[in-house]
*Asks:* 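Structure incoming, see below.
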Amino acid sequence: MLRWSFGVALMLIVAATVFGFSLGSLFSVAMVGLARVAILHDTSKVLHHYPEDRYVGAAMELFASVALMFWYVLRLFLSARR
């Protein structure tokens, strides 16, 4: 379900870039929710599936999800400022 959601989001981002329309703050709110679920999923995967000697890859995976969430929270705050 998470993979399909990110696929739909990626198609929306590409369509917005190609056709020149804005996704708006509702899309940012949805992406913050999706990033929140991704962080929970990645944390569970790190705890249960990563071996102890693969800590750098595990940290990078969690960082990518947190950075995604930070980007969309930042977009929300910057759009509310206009």
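Note that the structure is predicted; figures quoted are calculated from it, not measured. Quick note: numbers below take in every heavy atom, side chains included, and nothing from hydrogens, waters or symmetry partners.
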*Asks:* Under the 3.5 angstrom rule, does the side chain of Ser79 hit a backbone N or O of Leu76 as a donor-acceptor pair?
*Replies:*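 It does hold such a pair.
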*Asks:* I'd like to know if Val46 and Val66 are part of one continuous hydrophobic network [Ile/Leu/Val/Met/Phe/Trp/Tyr, side-chain heavy atoms within less than 4.5 Å].
*Replies:*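 No.
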*Asks:* Say whether Val8 and Val18 are linked into one hydrophobic cluster, either directly or through other cluster members, by side-chain heavy-atom distances under 4.5 angstrom.
*Replies:*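 Yes: a chain of side-chain contacts under 4.5 Å links Val8 to Val18.
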*Asks:* State, with a plain yes or no, whether a side-chain heavy atom of Leu2 is found less than 4.5 Å away from one of Leu34.
*Replies:*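 A side-chain contact under 4.5 Å exists here.
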*Asks:* Side chains of His41 and Ser44, heavy atoms from C-beta outward: is any pair under 4.5 Å?
*Replies:*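 In short, these two side chains do not touch, never coming nearer than 4.5 Å.
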*Asks:* With no hydrogens and no angle check, is any side-chain donor or acceptor of Ser5 less than 3.5 Å from a backbone partner on Met1?
*Replies:*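 Yes, Ser5 side chain to Met1 backbone: donor-acceptor pair under 3.5 Å.
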*Asks:* Any side-chain heavy-atom pair from Phe6 and Met31 closer than 4.5 angstrom?
*Replies:*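 Side-chain contact under 4.5 Å: yes.
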*Asks:* Under the side chain to side chain contact (heavy atoms under 4.5 Å, CB included) rule, what do Tyr72 and Phe27 come out as? Steps first, then yes or no, please.
*Replies:* CA-CA 9 Å; Tyr72 282 105; Phe27 179 76; 4.0 Å; yes
*Asks:* Verify the neighbour count for atom CZ of Phe19: are there more than 12 heavy atoms of other residues, nucleotides or ligands below 6.0 Å?
*Replies:*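 Counting other residues, nucleotides and ligands, CZ of Phe19 stays at 12 neighbours or fewer.
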*Asks:* With the 4.5 Å side-chain cut-off for hydrophobic clustering, are Leu62 and Leu40 part of the same group?
*Replies:*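 No; Leu40 is not reachable from Leu62 via cluster members.
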*Asks:* Quick check for you: to the nearest 0.5 Å, what is the distance between Tyr55 atom OH and Asp53 atom CG?
*Replies:*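 Interatomic distance, Tyr55 OH to Asp53 CG, rounded to 0.5 Å: 8.5 Å.
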*Asks:* Looking only at heavy atoms, what is the nearest atom pair of Ser28 and Arg75, with distance?
*Replies:*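 In this case the closest contact between Ser28 and Arg75 is OG-NE, 3.7 Å.
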*Asks:* Answer with yes or no whether the hydrophobic clustering places Met60 together with Met69; edges join I, L, V, M, F, W, Y residues whose side-chain heavy atoms lie under 4.5 Å apart.
*Replies:*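 In one cluster with Met60: Met69, no.
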*Asks:* Identify whether Phe63 and Val56 are in the same connected component of the hydrophobic contact network (ILVMFWY, side-chain heavy atoms under 4.5 Å).
*Replies:*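 Per the 4.5 Å side-chain linkage, Phe63 and Val56 are not co-clustered.
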*Asks:* Return yes when atom CG of Leu26 has more than 12 non-hydrogen atoms of other residues, nucleotides or ligands closer than 6.0 Å, and no otherwise.
*Replies:*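 Open: at most 12 neighbouring heavy atoms sit under 6.0 Å from CG of Leu26.
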*Asks:* Can you run down the salt bridge (Lys or Arg N to Asp or Glu O under 4.0 Å) pairs that involve residues 27-48, sequence neighbours left out, and say none if there aren't any?
*Replies:*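 For residues 27-48, and leaving out neighbouring residues, the salt bridge (Lys or Arg N to Asp or Glu O under 4.0 Å) pairs sorted by first residue read Lys45-Glu61.
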